[in-house]
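Worksheet: the structure to be examined is printed underneath.
Side chains are part of it too, since the values below use all heavy atoms of this structure and drop only hydrogens, waters and symmetry mates. Just so it is clear, the structure is predicted and the values come from calculations on it, not from any experiment. First listed ligand is number 1; within each ligand, the first listed atom is number 1.
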Amino acid sequence: MSPTKAELIAEALETGTLRGLPSGHFIGGQFVDAASGATMECFDPGTGAVFARFAAGDADDVDRAVGDAARALTGEWQRATPAERGRILGRTAELIRQHADRLAVAEALDSGKRLVEAEADVRSAARTFEYYAGAADKLEGISLPLGPDHVGMTIEEPVGVAVQIVPWNYPLSTAARGVAAALAAGCTTIAKPAEQTPFSTLLLAELAFAAGLPAGAFNVVTGTGRQAGAALVGHPGVNHITFTGSVPTGIDVMQQAARNVTRVALELGGKSPLAVLADCDIDTALNGVIEAIYENAGQICSAGSRLVLERSISENFIDRLVGRVGKLILGHGLRNPDVGPVISWSQLEKIERHVAAARAAGNAILAGGAVAHPSNSGSGWFFEPTIIAARAFDDPIVQEEIFGPVLTVQIVDDLDEAIAAANCTDYALVAGIYSRDLSKAYRFARAVDAGQVYINEFFAGGIQAPFGGNRKSGFGRAKGMEGLKSYCKLKTIVARI
Ligand code: ADP
């Protein structure tokens, strides 16, 4: 009998680790050690302690994975009908649900996120496989109106070997949305999870293989970005790269991909505005703001990290917000506090540097602002939920992505100023607005440059809703049918009759 959720949590909290976590890459349908034999450590952000080791991949492992993925592309996977591909994805969704507790506890231990959030990510991964299971046989082309002497059509073909470079903030759900879409389209895929969070991607590959995926169709190479990641994105056998991560690394990936003319989709950072207008439902907006910035300790590319607040309600709104934020409880993710740790010591330092610079520049710290040391958390990496009133719209605290539990407040006088404030950074990932006036909300949605706009519910949507950024936030769309098309190449066929 497999252990219950309570037993898994107790094991992780009492022993500091989980038994049976994989330690190798997943290549060709099996776990394999790194060719060099090298391994690296994985840390529990909630305690700062090492809890497992995993394979440190390099160019040799990448070569093997790309070779297996390329072979799988021409074998049984190519002969499978779209409906058969869909059935395997559907079975993967079932297996994710069957193994949800283990996946969620492993994800919470590895990433530091609160268990309730990890559980939601597991549900979302299952939904993603279910969605693309249904989409596999609905990838249609069009017929071309060329006149009586020709028949013309387009068909969508799989792009080939598709690489997923996965970040540490949403390891399982980001891997799932790329892998499921790529497989639905008929591609084979190689995922490179972040070195901070390798385990859920490895467990996902094992489940997909158990669901009937042919060997080599879904491979996982673990290791650092500099070694395993760079070798993958520069490999001439790779046909497409989906990268989710920071702007500097995204630029690097794009440059490496350019050398082989490999297609890329980049989902990069954000500094997303959340406008709260005077006519909104205040309680709903307060809940929305708190979730938008403190979920996953603010480590979300689409976090609502800039509150754009209408002046006439600003004093009362900020008072209530500061009161609520001061009561948030920090702790180990597996204990389900209000806010968990951040991913690493270096991330904690980075957040601290941003806040110190904001303080030194004369921005007012309204809540938090310091490293925290909750009880029961050893040397874990925690930062207090923080609110900073911005001195000016061009201050770095408004312009720069922090990727931590730090909310910046910008005060505006009306909708036009809210739109200007929303558009005042180089990023354009998401934007949100809370208002009872739907005309104002839609005018804001039209005028703001963002891949997606949320009205009266930040993070609204599901796997059906395409997701991606503009400008420095990247390009290309994941999720939905748009996400499926990322993994296709269009072929036009014309015949003279
Ligand atoms: P962070 O700086 O927060 O770790 P990154 O954007 O560097 O975020 O990392 C996102 C993902 O990109 C991780 O899987 C990481 O290993 C990978 N990565 C980092 N550098 C490179 C690179 N040069 N080439 C390919 N992947 C990389």
Side-chain angles (χ1 to χ4, degrees), residues 25 34 40-43 45 54-59 61-62 65-66 110-113 162-179 189-202 204 219-236 238 240-260 262-271 296-303 305 341-351 353-354 381 383 400-404 427 429 469 472-474 478:
H25 306 302
M40 55 192 295
E41 294 173 328
C42 207
F43 294 85
F54 61 97
D58 61 19
D61 304 302
V62 163
V66 174
D110 203 3
S111 69
K113 68 176 62 198
V163 160
Q164 319 288 334
I165 304 286
V166 180
W168 44 257
N169 59 338
Y170 282 88
L172 179 65
S173 49
T174 311
R177 74 190 188 194
V179 166
T189 190
I190 304 165
K192 207 299 280 173
E195 48 271 48
Q196 296 85 350
T197 53
F199 292 108
S200 56
T201 313
L202 290 165
L204 177 65
N219 308 279
V220 182
V221 176
T222 56
T224 64
R226 206 171 300 157
Q227 279 207 296
L232 259 178
V233 300
H235 200 290
V238 167
H240 171 94
I241 299 160
T242 294
F243 171 82
T244 309
S246 64
V247 176
T249 307
I251 292 170
D252 204 35
V253 165
M254 201 170 163
Q255 280 168 338
Q256 296 309 311
R259 299 203 310 203
N260 297 309
T262 305
R263 283 170 37 164
V264 290
L266 302 180
E267 204 249 89
L268 307 177
K271 187 77 176 180
N296 209 25
Q299 305 166 112
I300 311 182
C301 356
S302 54
S305 52
V342 300
I343 188 72
S344 63
W345 180 78
S346 64
Q347 190 62 22
L348 187 63
E349 267 207 315
K350 193 181 134 206
I351 298 166
R353 267 200 311 277
H354 277 285
W381 303 303
F383 201 85
E400 293 172 1
E401 183 178 46
I402 298 173
F403 229 67
Y427 293 108
L429 189 56
K472 286 272 170 57
S473 296

Judged by heavy atoms only, the candidate from T244, V247, I251 nearest atom 10 (C) of ligand 1 is T244
Within the 4.0 Å heavy-atom cut-off, what F243 brings close to ligand 1 is side chain
If you scan protein heavy atoms around atom 25 (C) of ligand 1, the nearest is G229 C, 3.2 Å
Contact (N/O only, under 3.5 Å) between W168 and ligand 1: yes
Tell me if a side-chain donor or acceptor on Q196 pairs with a main-chain N or O of S344 at a distance below 3.5 Å. no
Checklist entry - Looking only at distance, does E195 have an N or O less than 3.5 Å from an N or O of ligand 1? => result yes
So do F243 and V264 actually touch side chain to side chain, heavy atoms under 4.5 Å?
no
Atom 23 (N) of ligand 1 has as its nearest protein heavy atom D252 OD2, 3.2 Å
Heavy-atom closest pair (L232 atom, I165 atom, distance to 0.1 Å) is CD1-CD1, 4.3 Å
So, regarding G225 and ligand 1 (criterion: nitrogen or oxygen to nitrogen or oxygen, under 3.5 Å), is there a contact or not? yes
Q. Is T249 close to ligand 1, meaning an N/O of one under 3.5 Å from an N/O of the other?
A. yes
**Message:** Below the 3.5 angstrom mark, is there an N/O of V166, backbone or side chain, next to an N/O of ligand 1?
**Reply:** yes
Note: heavy atom closest to atom 11 (C) of ligand 1, options T222, I165, V253, belongs to I165
Short N or O distance, S246 and ligand 1, threshold 3.5 Å exclusive: yes
